[in-house]
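Worksheet for the structure shown next.
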There are 2 protein chains.
Amino acid sequence: MTVDDIDRQLLAQLQQDATQSYAVLGQAVGLSAAATHERVRKLKASGVIRRTTIEVDPVALGRGVAAFVLLDASTWMGDEPTRRALTEIPAVEEAHIIAGPASVLVKVRTATTEDLQATLRALHQVDGVTSTQTVVVLESFFERQPTVM
Amino acid sequence: MTVDDIDRQLLAQLQQDATQSYAVLGQAVGLSAAATHERVRKLKASGVIRRTTIEVDPVALGRGVAAFVLLDASTWMGDEPTRRALTEIPAVEEAHIIAGPASVLVKVRTATTEDLQATLRALHQVDGVTSTQTVVVLESFFERQPTVM
DNA sequence: CCCCCAGCTGTATGTCATTCTGTTGACGAG
DNA sequence: CTCGTCAACAGAATGACATACAGCTGGGGG
């Protein structure tokens with residue numbers, strides 16, 4: 001699908017607030033409510049908009065400690081079992097196969113450093129993992145969504 | 001604010017799909033539409049729900065290459081000017097001050113590896129940055145929102 | 001024992017999403 | 001040049017839903 005400039009404006013608006021009406025949304029980009037609705041419908045149908053969701057405050061939910069963990073592996077970890085094992089650890093928010101100093105990079109969020117320790121233990125027990133290296137986040141400047149413009 | 005089990009169920013549901021009606025949402029947790037509405041209103045008012053937003057497909061928007069970049073610094077980078085400088089680089093999606101092998105960890109997304117190179121150049125020009133170390137993402141297992149349950 | 005209040009249900013109303021119909025403008029074929 | 005086609009849009013209609021309101025209930029404190 002081709003995403004033109006108006007579409008990007010709509011995406012930017014919806015990233016800010018997905019609850020605004022199509023009338024308001026249309027005014028912001030100079031279109032009628034119906035035309036806006038049609039464009040948003042197509043963006044959803046084509047998968048550019050994956051879903052509309054809520055952004056939660058991690059701290060309020062007991063996930064105030066963030067860290068990145070590098071996993072070294074003795075076997076190839078790019079397969080489904082590894083993915084599933086990592087998915088099942090609730091603290092793991094992202095998992096990536098990387099090129100560089102390790103095999104896998106995961107981002108974790110826990111309530112306390114004790115929970116972080118427990119998560120590291122869980123990561124060690126994932127098949128293939130031989131060692132971990134943890135980078136603790138002291139302060140987050142910002143975490144935002146992909147820039148659309 | 002105290003977040004009880006029903007609240008967490010609501011949050012989980014809304015993370016999946018923030019467009020469903022309060023009636024449907026209420027059925028999922030065993031409440032009336034009005035009571036559900038009231039709970040969600042409070043979750044928003046208290047900041048547990050920061051906003052409702054859309055999740056976009058990075059690839060469709062020309063951000064198919066992801067990487068993590070470690071920044072080494074000669075000066076303290078925990079202040080506002082650094083934050084602003086990093087915010088202004090569109091490819092930078094996250095920026096964290098870390099404890100460990102470097103001062104700052106940023107996550108970037110670009111269309112191509114050439115754009116990644118351009119972003120690295122931009123990062124080098126941020127005040128205080130002395131060197132960078134880049135970890136390129138080969139494949140993402142998953143990137144999800146904070147687990148609420 | 002009674003009062004109070006948070007949290008709930010059911011209902012009413014105004015707003016908005018969604019659909020439909022018709023218009024306009026760009027484009028290609030004849 | 002003209003006609004036919006199609007995509008994109010505006011405006012109006014209707015049906016669903018958010019939101020507000022009036023009462024009900026059960027538990028905790030005075």
Side-chain angles (χ1 to χ4, degrees), chain A residues 1-64 111 145-149, chain B residues 1-64 111 145-149:
Chain A
M1 177 186 179
T2 62
V3 178
D4 67 14
D5 186 59
I6 291 182
D7 287 328
R8 288 178 187 272
Q9 284 180 253
L10 289 175
L11 292 172
Q13 289 282 333
L14 288 172
Q15 276 185 338
Q16 292 299 115
D17 177 10
T19 68
Q20 51 196 320
S21 74
Y22 288 121
V24 171
L25 213 49
Q27 274 190 326
V29 303
L31 283 182
S32 71
T36 305
H37 184 267
E38 177 63 11
R39 276 179 179 264
V40 173
R41 192 195 59 76
K42 281 182 187 166
L43 286 168
K44 285 179 180 169
S46 67
V48 177
I49 296 178
R50 287 183 178 155
R51 59 177 171 177
T52 87
T53 183
I54 55 171
E55 183 183 308
V56 301
D57 176 13
V59 177
L61 294 168
R63 300 214 120 73
Q145 298 176 267
T147 313
V148 298
M149 303 293 279
Chain B
M1 176 185 179
T2 61
V3 179
D4 67 13
D5 187 60
I6 293 183
D7 287 329
R8 288 177 187 271
Q9 284 179 254
L10 290 174
L11 291 172
Q13 289 282 334
L14 288 172
Q15 277 184 338
Q16 291 299 114
D17 176 11
T19 68
Q20 52 196 319
S21 73
Y22 289 120
V24 171
L25 213 49
Q27 276 191 324
V29 302
L31 283 183
S32 71
T36 305
H37 183 267
E38 178 62 10
R39 277 178 179 264
V40 174
R41 191 194 60 75
K42 281 183 188 167
L43 287 168
K44 285 178 179 169
S46 67
V48 177
I49 296 179
R50 287 183 178 154
R51 58 176 173 179
T52 87
T53 183
I54 55 170
E55 183 182 308
V56 301
D57 177 12
V59 177
L61 295 168
R63 296 209 144 16
Q145 300 176 266
T147 313
V148 298
M149 303 294 278

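By convention in this document, chain letters (A, B, ...) are assigned in the order of the sequence lines, proteins followed by strands, and residues within each chain are numbered from 1. Every value quoted in this text rests on a predicted model; they were computed, and no experiment measured them.
Listed by first and then second residue, the ring pair (Phe, Tyr, Trp, His ring centres under 6.0 Å) pairs that reach into residues 17-61 of chain A are A/Tyr22-A/His37, sequence neighbours excluded.
The distance from atom CG of B/Leu10 to atom P of C/dG7 is 14 Å, rounded to the nearest whole Å. When rounded to the nearest whole Å, the span between CG of A/Asp4 and P of D/dA7 equals 16 Å. The distance between atom CZ of A/Arg41 and atom C1' of D/dA8, rounded to the nearest whole Å, is 12 Å. The separation between A/Gln20 atom CD and C/dC16 atom C1' is 14 Å, rounded to whole Å. A straight line from CG of B/Leu25 to P of D/dA16 spans 19 Å, rounded to a whole angstrom.
Of all non-hydrogen atoms in A/Ala28 and A/Gln9, the two that sit nearest each other are O-NE2, 4.0 Å. Considering all non-hydrogen atoms of both residues, A/Gly64 and A/Val59 come closest at CA-CG2, 4.2 Å. Shown here for A/Pro58 and B/Pro146, the closest heavy-atom pair between the two residues is CG-CG, 4.3 Å.
Under the side chain to side chain donor-acceptor pair (under 3.5 Å) criterion, A/Asp4 pairs with A/Arg39, sequence neighbours left out.
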Restricting to nitrogen or oxygen on both sides, can you table the protein-nucleotides 9-13 of chain D pairs closer than 3.5 Å?
residue	atom	partner	partner atom	Å
D/dC9	OP1	A/Arg39	NE	3.4
D/dC9	OP1	A/Arg39	NH2	3.0
D/dC9	OP2	A/Arg39	NE	3.4
D/dA10	OP1	A/Ser32	N	3.4
D/dA10	OP2	A/Ser32	N	2.6
D/dA10	OP2	A/Ser32	OG	2.2

Which protein N or O atoms sit under 3.5 Å from an N or O of nucleotides 22-27 of chain D?
none

What does the list of N/O pairs under 3.5 Å between the protein and nucleotides 12-15 of chain C look like, with a distance for each?
none

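Around the CD atom of B/Gln20, the shell of radius 6.0 Å holds more than 12 heavy atoms that belong to other residues, nucleotides or ligands.
For the pair A/Met1 and A/Leu43, the minimum side-chain heavy-atom distance is below 4.5 Å. Using a 4.5 Å heavy-atom cutoff, the side chains of B/Thr52 and A/Thr53 are not in contact.
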- Message: Pair A/Arg63, B/Thr147 - check side chain to side chain contact (heavy atoms under 4.5 Å, CB included), show working.
- Response: CA-CA 9 Å; A/Arg63 300 214 120 73; B/Thr147 313; 4.3 Å; yes
**Prompt:** Going through the distances and angles, do B/Gln27 and B/Thr36 end up as a side chain to side chain contact (heavy atoms under 4.5 Å, CB included)?
**Reply:** CA-CA 9 Å; B/Gln27 276 191 324; B/Thr36 305; over 6 Å; no
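Which of C/dC16, D/dA8, D/dA18 sits closest to the side chain of A/Lys42 comes down to D/dA8.
Of the residues in residues 43-55 of chain B, none has a non-hydrogen atom less than 4.0 angstrom from any atom of DNA chain C.
For the side-chain contact (heavy atoms from CB on, under 4.5 Å) with B/Val148, the qualifying choice from B/Asp7, B/Leu11, B/Leu10 is B/Leu11, the only one to do so. Test A/Arg50, A/Arg51, A/Gln15, A/Lys44 against B/Ile54 for side-chain contact (heavy atoms from CB on, under 4.5 Å) and you get one pass: A/Gln15.
For A/His37, a side-chain nitrogen or oxygen approaches OP1 or OP2 of C/dT18 to under 4.0 Å.
For the atom pair B/Gln16 CD and B/Gln145 CD, the distance stands at 8.5 Å (nearest 0.5 Å).
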